[in-house]
Each structure stands twice: as structure tokens, then as C-alpha cells.
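Encoded as C-alpha cells, the structure appears first; notes follow it.
Keep in mind that this is a model prediction, so the values were computed, not measured. Just so it is clear, the values below take in all heavy atoms, side chains as well, and ignore hydrogens, waters and symmetry mates.
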Amino acid sequence: MLFSSCTTALLPLHFCLFCLLKEYCDLIFSALLSFGMVEKAVKIVLVICVFWTVVIGEDAPHPCDRVCQSESTRVCEYNFTVEWYSTLSKACFECPFVESDCSRPQCVAADGHPRAITVVNRMLPGPSITVCESDRVVVRVHNRLDNGEATTIHWHGMSQRGTPWMDGVPMLTQCPIPPQTTFVYNFTATPAGTHWWHAHVGFHRSDGVFGSFVVRKPDASNPHFGAYDDDEHTILVGDWLHQTTMEKYIQHHHSNGNNKGEGMLINGKGEYTKYQRNNETIYTPMMKYSVTHGKRYRFRVINNAAVFCPFELTVDYHILTIIATDGVDVTAYNVTSLVTHGGERYDFVLNANQEAASYWIRIQGLADCMNSSQRAVLWYRNSTSGARPASTPDTINQTKINPLNEKETSNVKYVTNLSTIKNVETRLTQKPDVVHFIGFDFKLVNNPSYHDSILYPIKSVSRDHHLYSPQLNNVTYLSPHSPILSQYDDIDESTICNTFTGVNVPKTEFRACTHIADVQLGSVVELVVFDEGRTFNAGHPMHLHGYHFAVVAMNK
């Protein structure tokens, strides 16, 4: 009866559960029932549920965010409402002039620049999912996008063994979720590690539909158990535009606008736009991470880049001990600087062993984001230092991992220096059953979406109006009209191509098709991926849905 009263009130069940599990709730309810005051008991429970949802809101922990136990799993349910929203909406009241207003429920301050955004549950980032390995995750996605757009959610890092139709890729594993409808994702959380979820349709991800997805494992199976005292901090970074990505896209692809973001955000927060009051400059709040002197903390870093936006992360006067990458445990490796690319995740342990004060956590954009940066605060509890750290970066004693276009030296180390704790599967060290070559680059071709071959071919317009098409093996991917996984027979075979069977595609002719590579179940496939590098000095991380692959060779 208690639980049904919360759900009838259309409130998130986990908030009510968290409250109801508190001892005083049980005592009050039991006392009222003993006097036959059922109606009053239910009303009080509803009031508590409303208070917990509205006042405390999304800060309330989900019951699945817990200490993991062996052979103990749960069903973890979430409700995601995807909609158009705005930064600095009416929910923000006097933000940023009243800093506490920036933390009000449904206030998205971002970096202080007003703009339209797409969000989940009016949060930026969206709700964090933190569960234990092998938990069942059930997410009800309600598409409330007002402009009629469909959407999907991809669970980046999940293997989806047995549930490939839950991977969230439009027209590959499912039809997109139509507006004003609901789709339920239901899958097992595996493997353990730092992952993330994000929209996989259009520009919803870069406009705000993303969040962290942490899958913990029991202490007994955690190779780094004992290496840290607390596992509570996530650093989710991405470039941030001051207009919708669609506006940027149109200007860049059809005219001479740029596709670069104006700033960066850390967990949806940051400083950029200046506000003035009484000759004082005011910014929206930065992200703040609290630590206790003498304790060791696990930080989980996620790169939500929209364009070619790697970033370098440092924490003034602190060592970063790398213990995992992309959800894979590695032997501990000490650095002072970490570079990540879009979609990559790194876990590091920070020992709060410096003088109790405040220190800068610095994010410096690289490549297309070289002119962008952002900062957060590492604050030692009980420190008397001011809100803004006085620390300066240590530019002398740096050790960097995963550099961008730098030669390896004693202080600059490639990611190949990291060693996985778990041995690579023996079969992957042997001769593969098939080898496929994948070359990629930006091509000078007349893509009809951007260059009419008669009216304004690419070679006839000025250089600043060139739109080079990114291609794999000289082919642009064409989305099918039906999901390949479930309705392959509905797809027009003339739109399907396979460049791995010896068929050469001319580099100067534009070709678009549903690009596939046929492989046999159980076979070992070697992919030789090479950057042709003719057009731009750019890079791109490679992500294979449903798999952790082994890197067996690298060269440049």
C-alpha cells in the first residue's frame, strides 16, 4: 500500500523507497496504523515523497547505487524523459547572481550562455546510472521532443550479449523512438567498468542527452580493491556550443561557418559568460569535488566530445594513478597528465595527500578544441582556503599518457605502456580467420547533400566552402530504411555494399550505401584500420559496439 501510494502520485519510486527505508518513516507510519489512522498515514507518506522529490530531487541515491555483493543482483529501473529545454530557464530564478539558485531542481546553468538544449529529466548531464555487474537495467525512455524528432539511447560499453536489439542504434538494432511514445530498454549490465549512455540520433547527444553509466563489481573480484578508499567522483567532459548543433551543422556544411564549440563543460558546469553586478564579475558555478585529507579517491573520466576534441586533464600538485581504460582494468600507472579522445574513459586514483587547500582540476582542449578550456575545483574538506584555488600548474615534472601527435619520450608515454591485468584471450594471439582493411579520410568528392555536381561542385567553389566527406574505403554510410538486425529482408539489396570482397571504389566518385562486412559466427577477425591522412591532420577513436577488441599492432 505504501509503495502503490507513491507510484499513484507519479513520483520516481526510488526517491520514495529511499525515504521510506529510513527508520523514522517506518516508526511514524506504524504508529499511525496502530491507531487506525490509515488515511492520515498515506497522506504523510505522500508529503514525504513530494518533499524528497522536489526539495532533494535527483541528489537522492538510487537503491541500485550500493556496495556490490557476489551473486546478489537487482532489477534497476529508471525513467528518462527526453525533451527540448533551455539553459538558464525560469527554474533558475536569479542564477548566477544568487549562486544557490543555480542548484535548484531543473535549473541548467551550463556555462552561463542561454541556448536551447535537449535533455533527459531536465538535467545536464542526464541521470547517472550506477549499478552492480549483472544487475538488470530497465530504462523507460519517453520521447517528448516537441519538434517531432525520433530518438534512441545507446549504452556505450555494454556488451548486450543476448539482447543486441537493446543497443540503441537507429535503423541497425531498432527503429527510432517516435515522438510522444515510450520505449523500454531492458538488458544486463555487463561488463563492469566506467561507461556512459547517450542519444544516438541526430545531434541530441551534443545538445545534452548523455550521462555516466558506472557498473561496479564486488570487492572480491575487483583487482584494485584496497587501492582507493572512495569511489564517488565522475569527470564527464565535453565541448559545448553556444547554439544548437543543427544550427552549427547547417552553417558549416552549407556555407562557411565553423563547427567548433565555444567552450567546454565538466559535469554540465563551467565558467564562460561574464555577468556584471556592482562592478563585480560573476560566473555560473564550476564543478567542485570534495575530498578528505589522507584518503584515496577513484575518479572516472568520460570524454563526451562532439567534434575532434581530445582534452588533457591535470590536477595541480597531484599524481593520477591510472587503473582502468574503457572499462578494462590495467596495472596501476602513475602520470600527471592524461589525454582522452571522444568516447574514451579512464579511471584514476588520486591520493589526497597534499596540504589541505583547494586545487585546480584543469581541462585543456586540443586539436579542434585547442582554444577551449575549463576548470573544476578539488577542495579538501575543512580547508580554510578560498572558493577559488590559488594553485598553479606544475609544467616541469610532467608525465603524460596517450599524447596527441607527440613523440614518445621519458615523460610522454603512449597508451601501449598500459598493461591489462586480465590476459588476452589466447585465440586472439593466433592467426585470424579473416583480415579486413579499412582506410578512412575526408574525401574531395561531390556529396550531393552538400555539393551539387552541376550547380556548385566542390572544385568550383572557394576553399572555405569545401565540405569534405568522411568515408571508409571511399564509401559514405547510408542508413537503411529498416533495422538490419530485425528486418534485413525488407532492405533493398541495391543499397547494400561490401568493400571487403575485392571491389574497388574510385576515390574521385561519390558513393553512399549501407556498408557491411560479412563475418562468420565464432571467427577471429583482424581489422587493419589506417588513416590515409591526406586532407586534415585529424584523428578519430574507433569504437566497436558489443566488443572489447585486442590491439595487436600500431604504427605511424
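Closest approach of T340 to L338, counting heavy atoms only: CG2-CG, 3.9 Å. Pairing each heavy atom of L404 with each of P310, the nearest pair is CD2-CG, 3.9 Å. Nearest approach of G522 to D433, heavy atoms of both residues: O-OD2, 4.5 Å. Taking every heavy atom of both residues into account, A332 and H224 meet most closely at N-CE1, 4.4 Å. The minimum heavy-atom distance between V119 and R122, with the atom names listed, is CG2-CA, 3.6 Å. Taking both residues in full, the closest heavy atoms of M264 and V237 are given as CE-CG1, 4.0 Å, listed atom of the first, atom of the second, then distance.
Taken to the nearest 0.5 Å, the NZ atom of K413 stands 14.0 Å off from the OG atom of S337. Within the model, atoms CG of N186 and CD of E77 stand 9.0 Å from one another, a figure rounded to the nearest 0.5 Å. With rounding to the nearest 0.5 Å, the separation of CD1 in I496 from CG in D492 is 8.0 Å. Going from atom CH2 of W240 over to atom OG1 of T87 covers 7.5 Å, rounded to the nearest 0.5 Å. Rounded to the nearest 0.5 Å, atoms CE (M542) and NE2 (H341) are 12.5 Å apart. Distance check, rounded to the nearest 0.5 Å: SG of C132 to CZ of R66 gives 3.5 Å.
A donor-acceptor pair is defined here as one N or O able to donate and one able to accept, closer than 3.5 Å; such a pair exists between the side chain of H154 and the backbone of D167. Side-chain atoms of R345 do not come within 3.5 Å of backbone N or O of G193 as any donor-acceptor pair. Using modelled atom types, no side-chain atom of R104 and backbone atom of V108 make a donor-acceptor pair closer than 3.5 Å. Listed for the N402 side chain is a donor-acceptor partner under 3.5 Å among the backbone atoms of V339. Here the side chain of H200 pairs no donor or acceptor atom with the backbone of W155 at under 3.5 angstrom. Between the R205 side chain and the A305 main chain, a donor and an acceptor come within less than 3.5 Å of each other. A donor-acceptor contact shorter than 3.5 Å is absent between the side chain of D65 and the backbone of H62. For the pair Y289 (side chain) and T234 (backbone), a donor-acceptor distance under 3.5 Å is present. A donor-acceptor pair is defined here as one N or O able to donate and one able to accept, closer than 3.5 Å; such a pair exists between the side chain of T173 and the backbone of V169. Looking only at distances, a side-chain donor or acceptor of T118 sits under 3.5 Å from a matching main-chain atom of H204.
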Decide side chain to side chain contact (heavy atoms under 4.5 Å, CB included) for V519 and H436; before the verdict, give the C-alpha distance in whole Å, the side-chain angles of both, and the deciding distance to 0.1 Å.
CA-CA 10 Å; V519 296; H436 287 319; 4.3 Å; yes
Steps toward side chain to side chain contact (heavy atoms under 4.5 Å, CB included) verdict (W165, L485)
CA-CA 7 Å; W165 48 85; L485 182 66; 4.0 Å; yes
E526 vs K431, test: salt bridge (Lys or Arg N to Asp or Glu O under 4.0 Å). Steps then yes/no.
CA-CA 9 Å; E526 182 173 288; K431 184 178 179 179; over 6 Å; no
Side chain to side chain donor-acceptor pair (under 3.5 Å) between T188 and R136: does it pass, once the steps are laid out?
CA-CA 5 Å; T188 300; R136 196 73 182 173; 2.6 Å; yes
Test salt bridge (Lys or Arg N to Asp or Glu O under 4.0 Å) applied to R300 and D347, step by step
CA-CA 5 Å; R300 300 174 182 268; D347 295 29; 3.2 Å; yes
Between F500 and H515, does the side chain to side chain contact (heavy atoms under 4.5 Å, CB included) criterion hold? Intermediate values first, please.
CA-CA 10 Å; F500 307 104; H515 201 182; 4.1 Å; yes
Verify side chain to side chain contact (heavy atoms under 4.5 Å, CB included) between V307 and D239, making sure each step is shown before the conclusion.
CA-CA 8 Å; V307 294; D239 44 347; 3.2 Å; yes
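A salt bridge between D229 and R296 is present, with a side-chain N of the basic residue lying under 4.0 Å from a carboxylate O of the acidic one.
Remark: C76 SG to C64 SG, distance under 2.5 Å.
Between the side chains of S290 and R381, no donor N or O sits under 3.5 Å from an acceptor N or O. If you check the side chains of S128 and S212, you find a donor sitting under 3.5 Å from an acceptor. In summary, the side chains of D207 and T245 do present a donor paired with an acceptor at a separation below 3.5 Å, with no hydrogens or angles considered. Looking at D490 and H481, their side chains never bring a donor and an acceptor atom within 3.5 Å of each other. A donor-acceptor pair shorter than 3.5 Å cannot be found between the side chains of N304 and W196. No side-chain donor from either of N121 and Y78 sits under 3.5 Å from a side-chain acceptor of the other. Side-chain contact check for T321 and N334: at least one donor-acceptor pair (N or O, by modelled atom type) lies under 3.5 Å.
Between H318 and L378, the closest side-chain pair of non-hydrogen atoms falls below 4.5 Å. Residues V209 and I153 meet the side-chain proximity criterion, which asks for heavy atoms closer than 4.5 Å. Residues V301 and F348 form a side-chain contact, since some pair of their non-hydrogen atoms from C-beta on lies under 4.5 Å apart. The shortest side-chain heavy-atom distance between W197 and V120 falls under the 4.5 Å cut-off. In this structure the side chain of C309 never reaches within 4.5 angstrom of the side chain of D368, judged on heavy atoms. Put simply, the side chain of I421 reaches to within 4.5 Å of the side chain of T331, judged on heavy atoms. Side chains of D531 and H540 form no contact here, defined as non-hydrogen atoms less than 4.5 Å apart.
The aromatic rings of F213 and H195 lie perpendicular to each other, with more than 60° between the two planes, well past the 30° mark.
Cation-pi geometry between R161 and Y547 is met: under 6.0 angstrom from the ring centre, within 45 degrees of the axis.
No more than 12 heavy atoms of other residues, nucleotides or ligands lie within 6.0 Å of CD in E493, so this atom counts as exposed by the packing criterion. The 12-atom threshold is not exceeded at OH of Y488, counting heavy atoms of other residues, nucleotides or ligands nearer than 6.0 Å.
Residues meeting the ring pair (Phe, Tyr, Trp, His ring centres under 6.0 Å) test with Y297, sequence neighbours left out: H233.
Taking the six-membered ring where the residue is Trp, the centroids of Y185 and F80 are separated by 6.0 Å or more.
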